[in-house]
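Because the structure is a prediction, the values reported are computed rather than measured.
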Amino acid sequence: VQLQASGGGLVQAGDSLRLSCSVSGRPFSNYAVGWFRQAPGKEREFVSNIGWREGTTYYADSMKDRFTISRDNAKKMVYLQMNNLKPEDTAVYYCAGVAAYGQLTYYQRQSDYRDWGQGTQVTVSS
C-alpha cells in the first residue's frame, strides 16, 4: 500500500484547509490511516486516525476541536479538514497506514505505522 498526502499550502490564520491522502494498492479491511505533523525543530506528533472499514476515528486531544478526519473508500482517499488554522499549525503533514489490530487509540506513535507517504507543507501566517 502506498500513500500520498496533498493539499497543503500557505494560508492565513483563521482559514480552513483540507488535506488529502490517496491510498493506492489494496488496503486490508482492518487498515487504519493516520495523520501526523512535524513542525520545524519539533518531533513528529500524532493528529488523528481513522479505520478504513468502519470509519471509526480518534484524535489527539489538542486536535479534536478544529480538525476532522474522514475517508472515501470508493475513491481510496482520506481527508483531514482543518478549520480556524493558527500559526502553530504550521508543519509538514504526513499520512501513514497500518494494518490495525485493536483500538485506534493504540496507534498514536510513528513506529506503529508501516506505510508512509511524502508530506505536504502547511504554512499559516499570522
Side-chain angles (χ1 to χ4, degrees):
V1 179
Q2 295 181 328
L3 301 95
Q4 179 62 53
S6 61
L10 173 63
V11 297
Q12 293 185 335
D15 285 351
S16 296
L17 199 61
R18 189 179 79 161
L19 304 182
S20 299
C21 176
S22 64
V23 182
S24 62
R26 300 184 65 181
F28 301 107
S29 61
N30 63 335
Y31 203 66
V33 176
W35 284 99
F36 289 77
R37 70 182 186 183
Q38 187 166 19
K42 295 187 177 181
E43 295 186 353
R44 194 169 298 186
E45 65 174 334
F46 171 77
V47 175
S48 178
N49 58 17
I50 188 167
W52 189 257
R53 180 176 56 190
E54 298 182 353
T56 51
T57 61
Y58 178 71
Y59 297 87
D61 286 342
S62 61
M63 312 291 178
K64 62 178 62 176
D65 291 336
R66 299 182 293 117
F67 293 1
T68 303
I69 193 171
S70 62
R71 90 241 189 272
D72 184 329
N73 286 13
K75 296 181 178 179
K76 299 174 78 174
M77 296 290 289
V78 174
Y79 305 101
L80 184 69
Q81 177 69 41
M82 305 184 295
N83 298 326
N84 190 24
L85 284 163
K86 304 176 180 180
E88 51 264 41
D89 294 318
T90 294
V92 178
Y93 285 72
Y94 300 88
C95 58
V98 65
Y101 299 92
Q103 299 180 26
L104 293 178
T105 56
Y106 298 160
Y107 296 87
Q108 300 184 48
R109 300 171 300 180
Q110 293 184 65
S111 58
D112 294 330
Y113 290 79
R114 182 191 67 182
D115 308 317
W116 286 85
Q118 292 184 338
T120 185
Q121 175 71 47
V122 173
T123 303
V124 184
S125 64
S126 58

Result block: side-chain N/O donor-acceptor pairs under 3.5 angstrom for residues 55-62, not counting sequence neighbours:
from, atom 1, to, atom 2, distance (Å)
Y58, OH, Q108, NE2, 3.3
Y59, OH, I69, N, 2.8
D61, OD1, K64, NZ, 3.4

*Treating Ile, Leu, Val, Met, Phe, Trp and Tyr as nodes and any side-chain heavy-atom pair under 4.5 angstrom as an edge, say whether V92 and W116 lie in one connected cluster.*
yes
*Kindly say whether R109 contributes a backbone atom to a donor-acceptor pair with the side chain of R44 at under 3.5 angstrom?*
no
_Student check: side-chain heavy atoms of L85 and F67 closer than 4.5 Å_ = yes
*Heavy atoms, side chains only, cut-off 4.5 Å: are Q38 and Q110 in contact?*
no
*asked:* Could you check whether any side-chain heavy atom of R37 comes within less than 4.5 Å of a side-chain heavy atom of M82, counting everything from C-beta outward?
replied: no
_Are V78 and V122 connected into the same hydrophobic cluster when the rule is that any two of I, L, V, M, F, W, Y join if their side-chain heavy atoms are below 4.5 Å apart?_
yes
*Any ring pair (Phe, Tyr, Trp, His ring centres under 6.0 Å) involving residues 83-112? Give me the pairs, sequence neighbours left out, ordered by first then second residue.*
none
*Can you name the nearest heavy-atom pair linking V33 to C21, along with the distance?*
CG1-SG, 4.3 Å
*Flag the pair E88 / V124 as yes when at least one side-chain heavy-atom distance between them is below 4.5 Å, and no otherwise.*
no
*K76 versus W52: any side-chain heavy-atom pair under 4.5 Å?*
yes
*For R71 and R53, work out which heavy atoms get closest and say how close.*
NH2-O, 3.0 Å
Cut-off 3.5 Å, no hydrogens considered: what does the side-chain donor-acceptor table look like for residues 1-19, sequence neighbours left out?
from, atom 1, to, atom 2, distance (Å)
D15, OD2, Q12, N, 3.0
S16, OG, N83, OD1, 3.0

*Spacing of OH belonging to Y31 relative to CG belonging to N73, to within rounding of 0.5 Å*: 13.0 Å
*Which pair of non-hydrogen atoms, one from L104 and one from N49, has the smallest distance, and what is that distance?*
O-ND2, 3.0 Å
*State the OG-NZ distance between S22 and K75, to the nearest 0.5 angstrom.*
13.0 Å
*asked:* Quick check: is W35 connected to Y113 through a chain of hydrophobic side chains (ILVMFWY, heavy atoms under 4.5 Å apart)?
replied: no
